[in-house]
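Numbered from 1 within each chain, the chains take letters A, B, ... in sequence-line order.
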2 protein chains.
Amino acid sequence: MINRDGTPTINDVAALAGVHKRTVTRVMNSSSKVKAATRAKVEQAIEVLNFSPNRQARGLAAKRSFLLGLVYDAPTLFINDILKDTLGIIEDEGYELVVHACHYPSENVVKDVTRFVKRANLDGVIVLPPVADIADIGKELQKAGCPYVRVTSDVSDETSRLVVTDYLSAISDMTRHLVEFGHREFGFISGPNTHLSSRKRHEAFVQALSTHGIELPAEMVVEGAYTFDSGLMAANQLLSRERRPTAIFAANDEMAFGVIKVANQLGLKIPADLSLVSFDGTPFSNFAVPTLSTIIRPTGLMAKLATQKMLAQFNSGSNATHISETMISPQFEARESTGPVPGR
Amino acid sequence: MINRDGTPTINDVAALAGVHKRTVTRVMNSSSKVKAATRAKVEQAIEVLNFSPNRQARGLAAKRSFLLGLVYDAPTLFINDILKDTLGIIEDEGYELVVHACHYPSENVVKDVTRFVKRANLDGVIVLPPVADIADIGKELQKAGCPYVRVTSDVSDETSRLVVTDYLSAISDMTRHLVEFGHREFGFISGPNTHLSSRKRHEAFVQALSTHGIELPAEMVVEGAYTFDSGLMAANQLLSRERRPTAIFAANDEMAFGVIKVANQLGLKIPADLSLVSFDGTPFSNFAVPTLSTIIRPTGLMAKLATQKMLAQFNSGSNATHISETMISPQFEARESTGPVPGR
DNA sequence: TTACTAATTGCTACCGGTAGCATAATGGTC
DNA sequence: GACCATTATGCTACCGGTAGCAATTAGTAA
């Protein structure tokens, strides 16, 4: 009876249960009423045949693919974490996750992403930074009728489609921590200026310093690229000045590793001669010697929120509790790399 | 004329081009003959409508999904690299990549994976270590009729479905490097014994040492878990002995980071007092202070090979050159963490 | 028991492609 | 110009589900 290639279809189930396939559909989608006895028969047939519906056929008929997309730039540790948690949630909901990497600072990212969702027939897509920082992506996806969630610090969109990172509070905590240690001369190693996250971190740092009446002179700001090598170069630049900062804020962990290296080469002890803080809180920030005082992003929570907001766009009619949360607040964690200002 | 939801279908194209949809199919799959003029008309219509075929319908009719799977345990940096390169290749071939994480040392991994390929209607799947180390996964996938490639160091399968890492040559190079530096007392921090990769690295190390007439005493071998914390514990164990090794081989980078930390705490200088080598060659091995002498896996090549072998299973009839390569040889790279044995 | 309404279940037309087979158009050859 | 072999194109039946509507059965009140 079974299909020639071994995979049972809904017809096989219907035949075995002695009902029409319309009834099998009913049982599966547990929508309309089915008599208990009938339901039992069908469920048993499904069990016996080990039947699972063909996603293609289902998608074609129901105009859904049960495929969600995840779009990012390069797979970093941060992306890893998000990926892991997202996957855990959506598979439970019966979706599969299709990934797509695109090259960020490029003219055609928006087109690339829309082509991807169309090509893969996605039911929805979660866009991660830095790609998500492009407000136009939201507009285009909306135009294409594709549900989406942007994980970003840009807020030019409805909150139901955003998971926003708030840089202010953690960076202000971190700044206070350093100021209380007596630091007044700061250095900042930014990410690429093309990245919104970097500009926001910079902005938040300047603002936090100003509440303490401290300025961040232009020569104390060096643009990096979120990479180790750029961290090396920036650290060299900042630490070879005659008047060097007593504390450096690196906009991500990887660049902070560069600072550690340069400090070692220059014979500067961290935190005795130089305090160092970073952003991200990847596991590696704990592996460094000394361990990095850093700002930790709650990736698990971010993934959970993004996924819930994604799913909420399908189940809008259902009893899905409305998700009001949008703001994500990373937490500053003081570890070994920060200490009192030298000579204090 | 266009579909209500804006997406043009093959019928729209046919109508616009003034031909039958069968002809459109012909043009798209460029199989049978179509008159040049007709082909041009169809191609223009496709262009004008910006038509792209519905993956679901195509898959349903052609019994293919154009979806490939990638199965792993936890998303590590290694997985990231593979992911990136795999994605680059298969998207060019018209496939999308669906990812799936499963919990490795667990009874039902095999079932989990087969359920995944079935549920997602995959055309094929690439299985990464440690999941790929389970020979049964190959058997089950074969039974399920699902093309696959295992990236592993197990060889109980046809080479056309394997990408095998050879641990011997790189580990023997590494060992020679240390022996030439005068080292005779070695410590080894393994990964979990449940992981084939760990057992193989161990085995290769023992063998390499033996060619130099050196033994690796049981008390100099500590089982880790491929994690930083386990590296800490293992290093503490090895370095707190009255007779401690002069060189330690950590079975991955992350555990080597733990060794660096412990060495620092104990006031041991690397490489002056202790030489350290690791396995993986993740970017972070270069960020450490000192930089890690490590064995670098050619992840790009591995991904490329795996993907090619995957695709070759579909295009078996085509002109795809037969891929004979199966063995992957990582390379040892001496960096700062290794040096002459103390007191020499 | 009958009539009538509500609850179940069956029939069928899609969804948007693919591919076998039939038919029409084209091209040579004598 | 007729005839036949090719070549190009059209017709149609699926693929395996979903969901609107019709038909049937069960349930309840009169």
Could you tell me how far apart [X] ([atom1]) and [N] ([atom2]) are, to the nearest whole angstrom?
{"X": "Leu60(B)", "N": "dG16(D)", "atom1": "CG", "atom2": "C1'", "result": "5 Å"}
{"X": "Lys41(A)", "N": "dT8(C)", "atom1": "NZ", "atom2": "P", "result": "14 Å"}
{"X": "Phe51(B)", "N": "dG16(C)", "atom1": "CZ", "atom2": "C1'", "result": "8 Å"}
{"X": "Asn54(A)", "N": "dG17(C)", "atom1": "CG", "atom2": "P", "result": "16 Å"}
{"X": "Arg64(A)", "N": "dG16(C)", "atom1": "CZ", "atom2": "C1'", "result": "18 Å"}
{"X": "Phe66(B)", "N": "dG16(C)", "atom1": "CZ", "atom2": "C1'", "result": "13 Å"}
{"X": "Leu49(A)", "N": "dG17(D)", "atom1": "CG", "atom2": "P", "result": "11 Å"}
{"X": "Asp12(A)", "N": "dG16(D)", "atom1": "CG", "atom2": "C1'", "result": "10 Å"}

OP1 or OP2 of dG16(C) under 4.0 Å from side-chain N/O of Lys63(A):
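Indeed, a polar side-chain atom of Lys63(A) lies that close.
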
Please tell me if Thr23(A) has a side-chain N or O lying less than 4.0 Å from either OP1 or OP2 of dG10(C).
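Yes, because at least one side-chain N or O of Thr23(A) sits under 4.0 Å from OP1 or OP2 of dG10(C).
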
From the options dT9(C), dT9(D), dG10(D), select the nucleotide whose nearest atom is closest to the side chain of Val34(B).
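Output: dT9(D).
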
Less than 4.0 angstrom from a charged side-chain N to a carboxylate O is my criterion; do Arg55(A) and Glu96(A) meet it?
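No salt bridge links Arg55(A) with Glu96(A).
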
Looking at Lys309(A) and Leu162(A), would you say the former's side chain and the latter's main chain have a donor-acceptor pair under 3.5 Å?
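Yes, Lys309(A) side chain to Leu162(A) backbone: donor-acceptor pair under 3.5 Å.
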
Close N/O contacts between protein and nucleotides 18-20 of chain C (under 3.5 Å):
from    : atom 1 : to       : atom 2 : distance (Å)
dT18(C) : OP1    : Arg58(B) : NH1    : 3.4
dT18(C) : OP2    : Thr25(B) : OG1    : 3.2
dA19(C) : N7     : Arg22(B) : NE     : 2.8
dA19(C) : N7     : Arg22(B) : NH1    : 3.4
dG20(C) : O6     : Arg22(B) : NE     : 2.6

Heavy-atom pair with the smallest gap, counting every atom of Ala57(B) and Leu60(A)
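Minimum heavy-atom separation between Ala57(B) and Leu60(A): CB-CD1, 3.7 Å.
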
I'd like to check Asp157(B) versus Thr152(B) (side-chain heavy atoms, cut-off strictly below 4.5 Å). Are they in contact?
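The answer is no, as the side chains (C-beta and beyond) never meet within the 4.5 Å cut-off.
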
With respect to Ile134(A), which candidate in Val109(A), Leu196(A), Asp154(A) satisfies the side chain to side chain contact (heavy atoms under 4.5 Å, CB included) definition?
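With Ile134(A) as partner, side chain to side chain contact (heavy atoms under 4.5 Å, CB included) holds for just one option, Val109(A).
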
Inspect the surroundings of CD in Glu158(A) and state if more than 12 heavy atoms from other residues, nucleotides or ligands are less than 6.0 Å away.
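Above 12, so yes.
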
Ring pair (Phe, Tyr, Trp, His ring centres under 6.0 Å): pairs with one or both residues in residues 106-155 of chain B, sequence neighbours excluded:
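Matches after skipping sequence neighbours: His100(B)-Phe116(B).
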
